[in-house]
Amino acid sequence: MTSSPSLQSDLPDDRLGHFIVAALALLGQRGFTTDADQIAPWLTDWRGRFTGRTLGLASPASTDEVAAIVRLCAAHGVPIVPQGGNSGMSGGATPDNSGTAIVLSLRRMNAIRALDRSARTVTCEAGVVLQVLHEAAERENLRFPLSLGGKGSATVGGLISTNAGGTQVLRHGSMRALTLGVEAVLPDGSVLNQLVPLKKDNRGFDLKQLLIGSEGTLGIVTAAALKLEPAVAARAVLWAGLDSLPQARGLLLHAEALAGQALEGFEVLPRHSLEAVLDYLPGARRPIGGDHAWHALIELVADADAADRLPELAERVLVGALEQGLIADATIASSEAQAEAFWALRENIAPAERAIGPAVQHDISVPVALMPDFVEQTAPEIEAAWPGTKAVGFGHLGDGNIHYHVLAPAGVDAASWQAGDGKAISRMVHDLVTQWGGSISAEHGIGQLKRDELARLGDPVALALLRAVKNALDPQGLLNPGKLI
Ligand SMILES: Cc1cc2nc3c(=O)[nH]c(=O)nc-3n(C[C@H](O)[C@H](O)[C@H](O)COP(=O)(O)OP(=O)(O)OC[C@H]3O[C@@H](n4cnc5c(N)ncnc54)[C@H](O)[C@@H]3O)c2cc1C
């Protein structure tokens, strides 16, 4: 066991020592460490905006071990920061700077407990990575219909705790819609087991829904029962160039009318985001020629019965859109590899934008019909108020959810810009979103990034309810302190 300045704690030495000895006795060397090198990768969030300190990293291997370490923490008054793949966008899995909390990683709990092909359900532990879940479902000719750019890292527990969305919400909903049951360790160490999926169950509040989206502040998700869908027999991935965002909304309505349930995803990218990915991603290619202000990525899917008709449907969507003047140019991926390449352009926007330089990111939603006007009106307002910045919106137009990034002027110092102008810009964006009746967190959660903004802009009645629930479940305030509320 070693320690380093980054791991030192503000707790008195004797209390700290007792806790560490007891945690090691409980979980063994694999399950608990204070080794600085092992812990370091987990102390900074994915965007690199928050770095904390910790008393130690707990990596329990079972629900019983999670319950035991939670009870130990409760007895010693040690706060707990639950962590999955650490791919979250709001700093929710990063401990604060006091060094008094442990990070509780669920990554060792990565077993798929059961996959029921006929019921189309999977029961898996919280540490199962989304990509692994996709592959397990595919082996049974099924699919888990939620995908996002961080799928190689994001875990089931993290997805549930942030109520993650992604690129298929349009048809299948977010994690709330896909989670049938949850097993969780509560702040006192008791285990809530609601894993058996029941289609009808009216025994009071839906407690699993309380945990979904609670960002590790109410309980530690240890396992979940999730809904699967039949594998698609065919998909058509379309790429279109457009002149404006209102045209993209028109294209969405047109595609919905023609394709109905076959429409699985509808994403938009501005010129700036596409160029950023083309620069960033080795081998990335422009799907269509010409210089378009906006691009739309559309996915249509079909089961075996309708697979033969899918290419014709895709053609009709594009031809109709061309005839109505909604799009300037378009193409349909001619192979699965090309379809993947189109999606890679979308999924690499976040890292590509990150590589360009400092930015402040906002994951916002407004009513779907208002989104084009929101972006077209507010982007120039922000750029005028903060000369040299660039406001870029991309993402899930079909859900009224845009990732709205404001890039810093060239040459600024990242840290001081983010703490100064960046913060002021975020306030402006959040004020605008609130004026437009929207949400300052559509799918990434509040974490520590937006906690103060939620307190500033949230409805006081809703905030009081959130706090009442938190106090009822976690009176000691040990689960993920400083996050969400
Ligand atoms: C490139 C990229 C693209 C992304 N795209 C999207 C997107 O389109 N849509 C979207 O919604 N998200 C997206 N994300 C964000 C991220 O992948 C999700 O927020 C994901 O749900 C986080 O999962 P995780 O396991 O990494 O959780 P972490 O980052 O480890 O934790 C996130 C939060 O959940 C809590 N938590 C984690 N595990 C548990 C648990 N078992 N029990 C209780 N609390 C827990 C943490 O305390 C923290 O508050 C993207 C991320 C990346 C890197």
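Positions are given from 1 along the sequence. Counting starts at 1 for both ligands and their atoms, following the listed order.
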Measure the shortest side-chain to side-chain distance between [X] and [Y] over non-hydrogen atoms and say whether it is less than 4.5 angstrom.
| X | Y | result |
| --- | --- | --- |
| W42 | L57 | yes |
| H405 | F394 | yes |
| E256 | F266 | no |
| E347 | S147 | yes |
| E264 | R235 | no |
| W46 | R354 | yes |
| L142 | V122 | no |

Measure the acute angle between the ring planes of H403 and H396, then classify it against the limits of 30° and 60° as parallel, tilted or perpendicular. perpendicular
At less than 4.0 angstrom from any non-hydrogen atom of [X], what atoms of ligand 1 do you find?
| X | result |
| --- | --- |
| L148 | 5 (N), 6 (C), 7 (C), 8 (O), 9 (N), 10 (C), 12 (N), 13 (C), 17 (O) |
| P82 | 43 (C), 44 (N), 45 (C), 46 (C), 47 (O) |
| L106 | 41 (N) |
| V221 | 40 (C), 41 (N), 42 (N), 43 (C) |
| A164 | 11 (O), 21 (O) |
| A154 | 17 (O), 20 (C), 23 (O), 24 (P), 25 (O), 26 (O) |
| E215 | 47 (O), 49 (O) |
| H396 | 8 (O) |

Please report whether ligand 1 has a polar contact with [X], defined as an N or O pair separated by less than 3.5 Å (distance criterion only).
| X | result |
| --- | --- |
| V81 | no |
| E443 | yes |
| I220 | no |
| T155 | yes |
| Q83 | no |
| N86 | yes |
| A350 | no |
| S161 | yes |
| N480 | yes |

Answer with yes or no whether G447 contacts ligand 1, where contact means a heavy atom under 4.0 Å from a ligand atom. no
Out of curiosity, is A184 lining ligand 1, as in a heavy atom under 4.0 Å away? no
Please check: side-chain N/O of [X] versus main-chain N/O of [Y], any donor-acceptor pairing under 3.5 Å?
| X | Y | result |
| --- | --- | --- |
| Q209 | R176 | yes |
| K483 | G92 | yes |
| S190 | L186 | no |
| R120 | E229 | no |
| Q476 | G77 | no |

[atom]: nearest protein contact (heavy atom, Å):
| atom | value |
| --- | --- |
| atom 17 (O) of ligand 1 | S87 OG, 2.9 Å |
| atom 31 (O) of ligand 1 | A93 CB, 3.6 Å |
| atom 27 (O) of ligand 1 | G158 CA, 3.5 Å |
| atom 53 (C) of ligand 1 | W46 CE2, 3.4 Å |
| atom 52 (C) of ligand 1 | M89 CE, 3.5 Å |
| atom 48 (C) of ligand 1 | G92 C, 3.4 Å |
| atom 24 (P) of ligand 1 | G85 N, 3.4 Å |
| atom 29 (O) of ligand 1 | G88 N, 2.7 Å |

Do I402 and F374 pass the side-chain contact (heavy atoms from CB on, under 4.5 Å) test, and can you show the C-alpha distance, the side-chain angles, and the key distance before you say yes or no? CA-CA 10 Å; I402 288 280; F374 176 82; over 6 Å; no
What part of K483, side chain, backbone, both or neither, has a heavy atom within less than 4.0 angstrom of ligand 1? neither
Only one of L274, L269, L245, L397 forms a side chain to side chain contact (heavy atoms under 4.5 Å, CB included) with W294, so which one is it? L245
Out of the candidates H430, K423, H362, only one should pair with E453 under the side chain to side chain contact (heavy atoms under 4.5 Å, CB included) rule; please name it. H430
side-chain hydrogen bond (donor to acceptor under 3.5 Å, both in side chains), paired with S174, selected from N163, N401, D399, T162: N163
May I ask which of G84, P95, G150 has a heavy atom nearer to atom 4 (C) of ligand 1 than the others do? G150
Could you check which of V156, V103, T162, V182 puts a non-hydrogen atom nearest to atom 33 (C) of ligand 1? T162
